[in-house]
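The block underneath contains the structure these notes are about, expressed in structure tokens.
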Amino acid sequence: MTSFAFRQPPVVGLPVVGLETRFPVRRVYCIGRNYAAHAIEMGHNPDREPPFFFQKNPDNLDPSGEFPYPPRSSDVHHEAELAVMLKSGGSDISVESALDHVFGYALSLDMTRRDLQGGQKKLGRPWEIGKAFERSAPVGPIHPVSLVGHLSSGRITLKVDGELRQEGDLKQMIWKVPEMISYLSEYFELAGGDVILSGTPAGVDSVDRGNVMEVEVAGLGAMKVKVV
């Protein structure tokens, strides 16, 4: 048995609808600017370009229903996203077989310290300080494929205190779920427990303490997260 110099950090486990067992998180990949309208509002070309990804940390995923406003920022934005949970993986996965590796789907948020991210962009530096902070990815229960099937279309929205801010359709994603999985597998060896946040529609904006965010995706219900 392997011994460690100090106690091992716990494995992040997310709840699964209909199961008592939890989904063990391994890695978190996030695609940038995957809806044309969002690319435009962020000042970029909406044409289909090679996708790019950044990463969050496994323990950034938080199913608690609360989002603590993070330090060192005064401009924190919501980004409503569909999370894709893998049950298996590999390298050089074909687009045709990619969905065979999907365990399920969940509602999620890619919370962003936009002011810090913007500063990093100007310096040509990585985004993690703006993206991968503590509890920066609120997430709902995972809906297994066996219950909901595969989601290739459906309305995705985000409301803040009941006001609609983001609205789109999953079919508007520039890079579809099978393509994201296939592309990532060319550069990383994917595995069960990997999570892919699949991008956000237009309408991202700031939140304040006390706000309640509500994300909804057709087929997955709704998730409410309070900013505290």
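- Under the 3.5 Å distance criterion, the side-chain polar atoms of Ser185 are left unmatched by any main-chain donor or acceptor of Gly90.
- Using a 4.5 Å cut-off on side-chain heavy atoms (C-beta onward), Phe67 and Val228 make no contact.
- One hydrophobic cluster, built from ILVMFWY side chains closer than 4.5 Å, holds both Leu14 and Leu19.
- Under the 4.5 Å side-chain heavy-atom criterion for grouping Ile, Leu, Val, Met, Phe, Trp and Tyr, Val76 is connected to Met223 within one hydrophobic cluster.
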Stepwise side-chain contact (heavy atoms from CB on, under 4.5 Å) check, Arg114 with Val204: CA-CA 10 Å; Arg114 191 71 73 200; Val204 300; 3.7 Å; yes

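- Closest heavy-atom contact between Ala132 and Asn57: O-ND2, 3.5 Å.
- Two residues are said to be in side-chain contact when any heavy atoms from C-beta on lie closer than 4.5 Å; Asp194 and Tyr29 meet this criterion.
- Contact of the Phe23 side chain with the Lys87 side chain is not registered, since no non-hydrogen atoms from C-beta on lie closer than 4.5 Å.
- Atom CG of Asp115 and atom OG of Ser74 lie 4.5 Å apart (nearest 0.5 Å).
- When the side chains of ILVMFWY residues are joined at heavy-atom separations under 4.5 Å, either directly or via intervening members, Val227 and Leu164 end up in two distinct hydrophobic clusters.
- Within the 3.5 Å criterion, the main-chain N or O of Lys131 finds a donor-acceptor partner in the side chain of Lys56.
- For the 3.5 Å distance criterion, the side chains of Ser64 and Arg135 qualify, holding a donor opposite an acceptor.
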Criterion side-chain contact (heavy atoms from CB on, under 4.5 Å) on Tyr105 and Ile142, from CA distance to verdict: CA-CA 5 Å; Tyr105 301 92; Ile142 299 168; over 6 Å; no

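- Here the shortest heavy-atom pairing between Ile174 and Glu179 reads O-OE1, 4.0 Å.
- Checking side-chain atoms of Arg113 against main-chain N and O of Ile129 turns up a donor-acceptor pair under 3.5 Å.
- The nearest pair of heavy atoms linking Val102 to Val145 is O-CG2, 3.6 Å.
- Annotation: the span from Ser108 atom OG to Leu197 atom CG amounts to 4.5 Å, rounded to 0.5 Å.
- Between the side chain of Ser136 and the main chain of Met111, no donor-acceptor pair closer than 3.5 Å is present.
- To the nearest 0.5 angstrom, Ser73 atom OG is 7.5 Å from Phe133 atom CZ.
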Chi angles and distances behind the side-chain contact (heavy atoms from CB on, under 4.5 Å) call for Leu86, Arg26: CA-CA 10 Å; Leu86 302 188; Arg26 176 177 176 262; over 6 Å; no

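- Hydrophobic clustering keeps Leu123 apart from Leu116 (ILVMFWY residues linked when any side-chain heavy atoms are closer than 4.5 Å, directly or through intermediates).
- Side chains of Gln166 and Val215 form no contact here, defined as non-hydrogen atoms less than 4.5 Å apart.
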Worked verdict on Val17 versus Leu147 for side-chain contact (heavy atoms from CB on, under 4.5 Å): CA-CA 9 Å; Val17 174; Leu147 295 180; 4.1 Å; yes

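- Contact check for Leu109 versus Glu79: no side-chain heavy atoms found under the 4.5 Å cut-off.
- Residue Ile156 is not grouped with residue Met85 when hydrophobic side chains (ILVMFWY) are merged at heavy-atom distances under 4.5 angstrom, including chains of intermediate members.
- In this structure, the side chain of Glu163 does not engage the main chain of Val160 through any donor-acceptor pair within 3.5 Å.
- When side chains are defined from C-beta on, Ser198 counts as touching Met173, because their heavy atoms get closer than 4.5 Å.
- Using a distance-only test at 3.5 Å, with no hydrogens or angles considered, no donor-acceptor pair links the side chain of Asp92 to the main chain of Glu186.
- Across Pro126 and Glu128, no two heavy atoms sit closer than the pair CB-OE1, 3.1 Å.
- To the nearest 0.5 Å, the span separating CZ on Arg165 from CG on Asp205 amounts to 4.5 Å.
- One finds the CG atom of Leu151 at 13.0 Å from the NZ atom of Lys176 (value rounded to the nearest 0.5 Å).
- The side-chain heavy atoms of Arg155 and Glu216, taken from C-beta on, include no pair separated by under 4.5 Å.
- Panel note: side chain Gln120, backbone Trp127; no donor-acceptor pair is recorded below 3.5 Å.
- For Arg22 (side chain) and Gly13 (main-chain N/O), a donor-acceptor pair under 3.5 Å exists by modelled atom type.
- Inter-residue side-chain proximity for Asp62 and Val139 is flagged as unmet; no heavy-atom pair is nearer than 4.5 Å.
- Thr112 contributes a side-chain N or O that, together with a main-chain N or O of Asp110, makes up a donor-acceptor pair within less than 3.5 Å.
- Between Trp175 and Tyr183, the angle of the ring planes lies from 30° to 60°, which puts this pair in the tilted group.
- When all heavy atoms are compared, the tightest approach of Val28 to Leu61 is CG2-CD1, 3.9 Å.
- Side-chain atoms of Ser182 come within 3.5 Å of backbone atoms of Ile93 as a donor-acceptor pair (strictly under, hydrogens ignored).
- Atoms NE2 and OG1, from His77 and Thr200 in turn, are 11.5 Å apart once rounded to the nearest 0.5 Å.
- Between Pro15 and Pro63, the shortest heavy-atom contact is CD-CB, 4.1 Å.
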